[in-house]
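Every chain is numbered from 1 and lettered A, B, ... according to where its sequence line falls, protein lines coming before strand lines. Just so we're clear, the structure is a prediction, and the values are computed from it rather than from any experiment.
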Number of protein chains: 2
Amino acid sequence: MAVHVLAVLAYKDGDRVTSAFLAGSINTHPVIVRRLLLALQRAKLVETSKGAGAGSRLNCSPSRINLAQVYRAVEDSEAFATPSRKPNAACPVGNCILETMERIFASAQQALEKDLEKTTLANVLDIIKASCLCEKKR
Amino acid sequence: MAVHVLAVLAYKDGDRVTSAFLAGSINTHPVIVRRLLLALQRAKLVETSKGAGAGSRLNCSPSRINLAQVYRAVEDSEAFATPSRKPNAACPVGNCILETMERIFASAQQALEKDLEKTTLANVLDIIKASCLCEKKR
DNA sequence: ACAAATGTAATCGTTACTGTTACTTAATTG
DNA sequence: CAATTAAGTAACAGTAACGATTACATTTGT
């Protein structure tokens, strides 16, 4: 949904867009969009104004926003988590499985984000615009 | 928890281990372990017998089991999912964001699993045994 | 036959997230 | 300056996923 928000903002190229409009495209509630926008603001990816005629717009060029940034802006927990209960430290495996897994998870997390980094919002826009042309030709 | 299970089985090297024992090391309930074992059986990573003196053991050498296999055996949904409600097809972005994101998610998923592939259960065991040596030296 | 262990279903509690309502706050416009 | 517009925010309901637990059936070895 965060990428969807940013894609619409990029599509609207600098115009301010309201949370209600974004919610209409995503098919969700404006409050959900506003919560997303708050996270995207913190990450300085969008800029939002209040009051009449207000709304949000991108804070930088779509080519300078990659999906790893979006992921980090919006996602506050990592892809993997260890169980809430601590393993039995009296067992040789239980004693060190946690830190072992954390290293493995950190590596996988990095690989995931590295892959997301490869795609920019501009790339996403290009795909969408290409699809639109296809639609029109029919 | 699945890696923990397999690590204990590898540590016990061929001996049959009960779900109660595994649960004791993980600090969870035997039924949770049995559910994991069912998934690991389906993936042919472990072999389980029923009845008195029964239990589970690895079905292949720890060096031939990598963590991507474990992940796929145990995890039935992917790391990313699209929202349950479909976007507004009347919006140019809403119309094609879904398939665009699915491509991006598939790539990230592959990157994640590729990274997990790099670590085998034997690697995990090595780390654990090395940690144990450290403990003993103190 | 008995005991040990898995397979399995039903249920509860917790957590996280989306959705919704309601209200406050801020900014623009007539 | 008042009215309107839109974001910020809190509170709460609904849903889904997962772990934990209990209970019971099933299988197997002694």
Is a donor on one side and an acceptor on the other found under 3.5 Å between the side chain of Asp115(A) and the backbone of Leu112(A)? no
Donor-acceptor contact present, side-chain Asn59(A) to main-chain Lys44(A), <3.5 Å: yes
With hydrogens left out and only the distance checked, is there a donor-acceptor pair under 3.5 Å joining Arg85(B)'s side chain and the base of dG19(C)? no
What string of B, S and - do you get for nucleotides 23-30 of chain D 5' to 3' if you count protein non-hydrogen atoms under 4.0 Å? ----BBS-
For Leu40(B) and dG7(C), what is the distance between atoms CG and P respectively, to the nearest whole Å? 11 Å
Is there a donor-acceptor contact under 3.5 Å from the side chain of Asn88(B) to the main chain of Ile26(A)? no
Roughly, in whole Å, what's the span from CZ in Phe80(B) to P in dC17(C)? 14 Å
To the nearest angstrom, how far is Phe21(A) atom CZ from dT5(D) atom C1'? 17 Å
Does any N or O in the side chain of Glu117(A) come within less than 3.5 Å of the main-chain N or O of Leu67(A), such that one atom is a donor and the other an acceptor? no
Check the distance between dT6(C)'s P and Arg16(B)'s CZ and give it to me in whole angstrom. 10 Å
OP1 or OP2 of dT6(C) less than 4.0 angstrom from a side-chain nitrogen or oxygen of Ser19(B), does that happen here? yes
Salt bridge check, Glu113(B) against Lys118(B): does any charged N sit closer than 4.0 Å to a carboxylate O? no
Could you tell me the separation between the CG atom of Leu38(B) and the P atom of dA9(C), rounded to a whole number of Å? 10 Å
Let me know the distance between CZ of Arg57(A) and C1' of dA6(D), rounded to the nearest Å. 15 Å
When you match Ser56(B) and Ile32(A) each to their closest nucleotide on DNA chain C, which lands nearer the 5' end? Ser56(B)
Of Arg35(B) and Gln41(B), whose nearest nucleotide on DNA chain C comes first from the 5' end? Gln41(B)
Is it the case that atom CD in Gln110(A) sees more than 12 heavy atoms from other parts of the structure closer than 6.0 Å? no
Between Tyr71(B) and Phe80(A), what is the ring plane arrangement, given parallel below 30°, perpendicular above 60°, and tilted in between? perpendicular
Separation of dT9(D) C1' from His29(A) NE2 (nearest whole Å): 13 Å
Nearest-angstrom distance from the residue atom CD of Glu47(A) to P of dA6(D): 16 Å
